[in-house]
Amino acid sequence: MVDNEKAVVPERTAEAHPLEPFLPEGARLLMLGSFPPARSRWSMEFYYPNFQNDMWRVMGLVFYGDRERFVLPGSRRFDREAIETFCRERGIALSDTAAEVIRARGNAADKFLEVVRPFDLTGMLERLPLCRAVAVTGQKAAETLAAVAGCEPPAVGHFSEFRCGERLLRFYRMPSTSRAYPKPLEEKAAVYRQMLLETGILS
């Protein structure tokens with residue numbers, strides 16, 4: 001006997017980005033991820049909140065030689081206040097390339113994220129008049145920025161250029177700081193260090 005009833009397909013719910021873009025006055029570099037993980041994995045209310053993501057360890061290592069610089073002592077949490085102060089002082093803006101997504105597996109893995117609505121690149125750059133470089137932190141972010149900017153993404157660790165209005169910007173493609181990306185922390189930090197030197201954020 002053949003069951004002619006249609007299988008029930010789970011509802012695919014779109015999820016809006018939970019954070020406002022962090023766009024400090026005078027920022028010269030805009031760093032873009034893909035989309036935050038589920039809130040159950042957050043250690044703070046800010047970008048790269050998952051304690052298993054090494055973005056803030058990379059920054060601590062590059063700028064201070066201390067991978068634990070932005071970790072709250074005795075905890076498994078990042079220090080949001082210290083991170084925000086650092087980004088403001090260094091001229092680093094933060095956001096993501098997706099404004100709305102569907103999570104196919106309930107996590108933030110690139111291969112299971114469907115971008116429903118990309119971010120507003122032009123609007124964001126209008127609020128960052130001194131910005132001359134955009135760095136994406138992973139494969140999905142690179143693909144989304146390339147589609148929005150109408151250009152090809154560069155190879156990991158390199159940059160290409162694109163125009164947004166009258167402005168010419170560098171498009172850096174950085175290695176993901178997720179631990180799922182198989183590269184030692186020190187090697188990732190070396191790639192970020194080079195980009196930060198080239199953009200003048202690190203001197």
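Numbers for residues simply follow the sequence, beginning at 1.
Without hydrogens or angle criteria, Arg167 side chain to Leu125 main chain gives a donor-acceptor distance under 3.5 Å. Of the possible polar contacts, one joining the Asp96 side chain to the Gly33 backbone as a donor-acceptor pair under 3.5 Å is found. Here the side chain of Arg77 pairs a donor or acceptor atom with the backbone of Ser43 at under 3.5 angstrom. Side-chain N or O atoms of Lys188 include one that pairs as donor or acceptor with a backbone N or O of Ser178 at under 3.5 Å.
Counting non-hydrogen atoms of other residues, nucleotides and ligands closer than 6.0 Å to CZ of Arg90 gives a total above 12. Atom CD of Glu161 has more than 12 neighbouring heavy atoms from other residues, nucleotides or ligands inside a 6.0 Å radius. Under a cut-off of 6.0 angstrom, the local environment of CD in Glu20 is sparse, with at most 12 non-hydrogen atoms contributed by other residues, nucleotides or ligands. Under a cut-off of 6.0 angstrom, the local environment of CD in Glu25 is sparse, with at most 12 non-hydrogen atoms contributed by other residues, nucleotides or ligands.
Applying the side chain to side chain donor-acceptor pair (under 3.5 Å) test to every pair with at least one member in residues 46-60, sequence neighbours left out, gives these pairs: Tyr48-Thr137, Gln52-Arg179, Asn53-Thr177, Asp54-Arg57, Asp54-Arg179. Judged as a ring-ring contact (aromatic ring centres under 6.0 Å, His included), the pairs with a partner in residues 133-171 (not counting sequence neighbours) are, in order, Phe159-Tyr172.
Val115 and Leu19 are assigned to two separate hydrophobic clusters, defined by single-linkage of ILVMFWY side chains at heavy-atom distances under 4.5 Å.
The pair Lys140-Glu114 does not meet the salt-bridge criterion, since no charged nitrogen lies less than 4.0 angstrom from a carboxylate oxygen.
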Check against side-chain contact (heavy atoms from CB on, under 4.5 Å), Thr97 and Val148: CA-CA 9 Å; Thr97 54; Val148 171; over 6 Å; no
Set out, in order, the CA-CA distance, both residues' side-chain angles and the distance that settles side-chain contact (heavy atoms from CB on, under 4.5 Å) for Leu169 and Cys164, then state yes or no. CA-CA 7 Å; Leu169 297 106; Cys164 185; 3.9 Å; yes
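Relative orientation of the Phe51 and Phe78 rings is tilted, given thresholds of 30° and 60° on the angle between their planes. Ring planes of Phe70 and Phe86: tilted class, angle from 30 to 60°.
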